[in-house]
There are 2 protein chains.
Amino acid sequence: MARRGSPRNSGESDLDARKATILEAVVAEHIDTAQPVGSTAVAQHADLGVSPATVRNEMVSLEREGYLAQPHTSAGRIPTDKGYRYFVDHLQSGELGSAQQFQLRDFFTGVRGEVEDVLERTSALLAQLSGYTSVVVGTTATHATILSVQLVNLERRHQLLVTVFSDGTVLKHSVVTTDDIDYATCVEASQQLNALLVGTTLESRVQVPSRSDSSSLLIAEAVAVLHAERPTREDEKVFIGGASKVAEVFDSVETVRQVLSILEEELLVVSLVEDMLDRGVSVAIGSEHGYAPLSSTAVVVAPIHVDGVAAGAVGLIGPTRMKYQEVMAAATAVSKNLAQHLEGSAGGD
Amino acid sequence: MARRGSPRNSGESDLDARKATILEAVVAEHIDTAQPVGSTAVAQHADLGVSPATVRNEMVSLEREGYLAQPHTSAGRIPTDKGYRYFVDHLQSGELGSAQQFQLRDFFTGVRGEVEDVLERTSALLAQLSGYTSVVVGTTATHATILSVQLVNLERRHQLLVTVFSDGTVLKHSVVTTDDIDYATCVEASQQLNALLVGTTLESRVQVPSRSDSSSLLIAEAVAVLHAERPTREDEKVFIGGASKVAEVFDSVETVRQVLSILEEELLVVSLVEDMLDRGVSVAIGSEHGYAPLSSTAVVVAPIHVDGVAAGAVGLIGPTRMKYQEVMAAATAVSKNLAQHLEGSAGGD
DNA sequence: TGCTAGCACTCGATTCTACCGAGTGCTAGC
DNA sequence: GCTAGCACTCGGTAGAATCGAGTGCTAGCA
């Protein structure tokens, strides 16, 4: 179902040079005009010294092989998902326009603030650069070690557990106790928690001394609450940028609705992106990603690697006839710059 | 420009009983059907024993007075913004449907977690209850007192300042120093910061001892960074719920785009809502709120009062022909329940 | 064998016309 | 003051005619 950069079975997936040129011309033209592309247009545009009639013959063949489709008998051809796939697989990677490069550099030299803010604004930037709706998924590294743990007494039975990680992440959790907790106990518990947890990660298991004085109960509860955080994907933050672009690039209100409601479900977005990363796919066209409501869209992702480990991804979503070259260039460039920025300032600047 | 609940000049704004009935019938019918409303429909529906012809005469008069408009000569009437305004002003406040009441109760008894999460999910709930896109603006109370301040050493010159407030808010700020800071200095500074700041609010000014050892410099820097937070509106968090509803309730893609791009601008949303609260307006119809791109929409807001002080608002945005009664009921009910919830558990549960 | 010119054909899109009917405004009469 | 009646308006719909882009096929040429 999903194809990668390299062709799978050369018999079908490799076209002879002329067919390839024609296919690419059709895709390029269609991306540009959003209209079915006729044989004459192709013959003119892609200058292989050949008449429209010949092009037509080739197109029939391309249609039989599933790369092109005809909306109706007397119209031009439009690419199928398979056609786009071929196009994307044979795309030489493009460069970002110089104005955009400048904008990008400008943004990342100027940007400061907490990670979350940076991610949010990066998302907006990417949307603006690419012209499509963007997604930035930030994985709060579960590998990060704990730098500090602190219990703060909010009310008699409400404690707030504030944990600071080595990557600058701060998590807060409520800890509710059955007994009232006084200030001294809280401080005491904080100290013990620090001794217990600093240097560990959320993935490590720690031995909690099981006495039953109120301080120990509090500590046990706090550790439990903190470790409950781990297993789910929920600690991945999603930032959507340029949601209004959805209404620009799709012309059917129904599609707009569907895409928006997918984007509303953070978990869905995260798993879509992660799935693609897991499979090593950077572009998913049409139904390739397996999310039915998005079958008329294409998704482009680029991973973010901070110090060699996966730290999330940036993504773009648009119609299948999106400007792949530019979009992929934008996504890659942004993800690289973002990664660099995150490496440069561990957790904020 | 903006009207309130009470009529302004009774000469124009108060209609005689029959006209009022007719106007209300037109509005109600139009909200229901989205079609221009004819005299016959009104005569049947609003049962004042009167013929369509009479209704027609009244409608001409209502049109002259600006309450109704005719899309074209031989069509029925649709309400103008002024017509909707009259309708809303004379609406007796409705009750939430019992199923929805149940859903609401269910939600708020079951909900737990950090404030941000609650607000986010409340926003989704409100969207679902009302059928329109919702906005929840949470003001992180600048009146809250500081419970704890802590500096954590991220890297040599990167400190993370973690501040916990009495309402459960946790803020983090990066503090960058020119000198390397060792662990001991960091702890030392934390203690002094605590002594200095605990019990104060972001609004109070504190005297920072101005010695020039590295610890004192660090402290001064930390206080400066923290207080820099105050003046803007940026500490108000905005949660949008049901963004995809925009594509359901507006039928022009262009309107969808405009509304979405407004919603993208958090600051705009906040000031829109705050402006309405300041003016004591709960419904803004058409151009009443003064945001041109939203001139074909209506906005309904309800303030959130926690322990008597303003703590934000919930809002809904839809077409001017939205179901005001239900929507206002939903907004009020949700804001009340949310306020109660926030009072019940100061900053977490 | 491969390419191309020529040509009949298809079928969506556009335009035009006729027409229907919902709804109006007006007038005359109760 | 209300209403029945009626001529009138005008958007929406349906059908016919037309247009034209683009096809598929065939025959002929290199």
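Just so we're clear, the structure is a prediction, and the values are computed from it rather than from any experiment. Throughout, protein chains are lettered first and strands after them, A, B, ... in sequence-line order, and every chain is numbered starting at 1.
Comparing dG25(C), dG11(D), dC7(C) by their nearest atom to the side chain of H72(B) picks out dG11(D). The side chain of N57(A) sits closest to dT4(C) out of dT4(C), dG6(C), dT3(D). The Q70(A) side chain lies nearest to dT23(D) when the options are dT3(D), dT23(D), dC11(C).
Ring pair H30(A)/Y84(A) is tilted by interplanar angle, where 30° to 60° counts as tilted.
A close approach under 4.0 Å does occur between a side-chain nitrogen or oxygen of T54(B) and OP1 or OP2 of dT3(D). Here R77(A) reaches the OP1 or OP2 of dG24(D): one of its side-chain N or O atoms lies under 4.0 Å away. For the OP1/OP2 pair of dC2(D) and a distance below 4.0 Å, the side-chain nitrogens and oxygens of R18(B) include at least one atom meeting the criterion. Taking 4.0 angstrom as the limit, S74(A) places none of its side-chain polar atoms (N or O) nearer than this to OP1 or OP2 of dC9(C).
With a cut-off of 3.5 Å on both Watson-Crick or G-U wobble distances, the partner of dC26(C) is given as dG5(D).
For dT3(D), its base never sits under 3.5 Å from the side chain of S51(B) at any donor and acceptor pair.
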D89(A) and R85(A): CA distance, side-chain angles, deciding distance, salt bridge (Lys or Arg N to Asp or Glu O under 4.0 Å) verdict: CA-CA 6 Å; D89(A) 284 346; R85(A) 166 53 56 195; 3.0 Å; yes
Derivation and outcome, salt bridge (Lys or Arg N to Asp or Glu O under 4.0 Å), residues E65(B) and K82(B): CA-CA 9 Å; E65(B) 291 168 54; K82(B) 187 177 174 187; over 6 Å; no
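Between the CD1 atom of I22(B) and the P atom of dG23(C) there is a distance of 15 Å, rounded to whole Å. Nucleotide dG25(C) holds its C1' atom 13 Å from the CE atom of M59(B), rounded to whole Å. Atom-to-atom, CZ of R56(A) to P of dT10(C) comes out at 16 Å; the value is rounded to the nearest Å.
Here T73(A) lies in heavy-atom contact (under 4.0 Å) with sugar-phosphate atoms only.
Checking each of L23(B), V26(B), I22(B) against Y67(B) for a side-chain contact (heavy atoms from CB on, under 4.5 Å) leaves exactly one that passes, namely L23(B).
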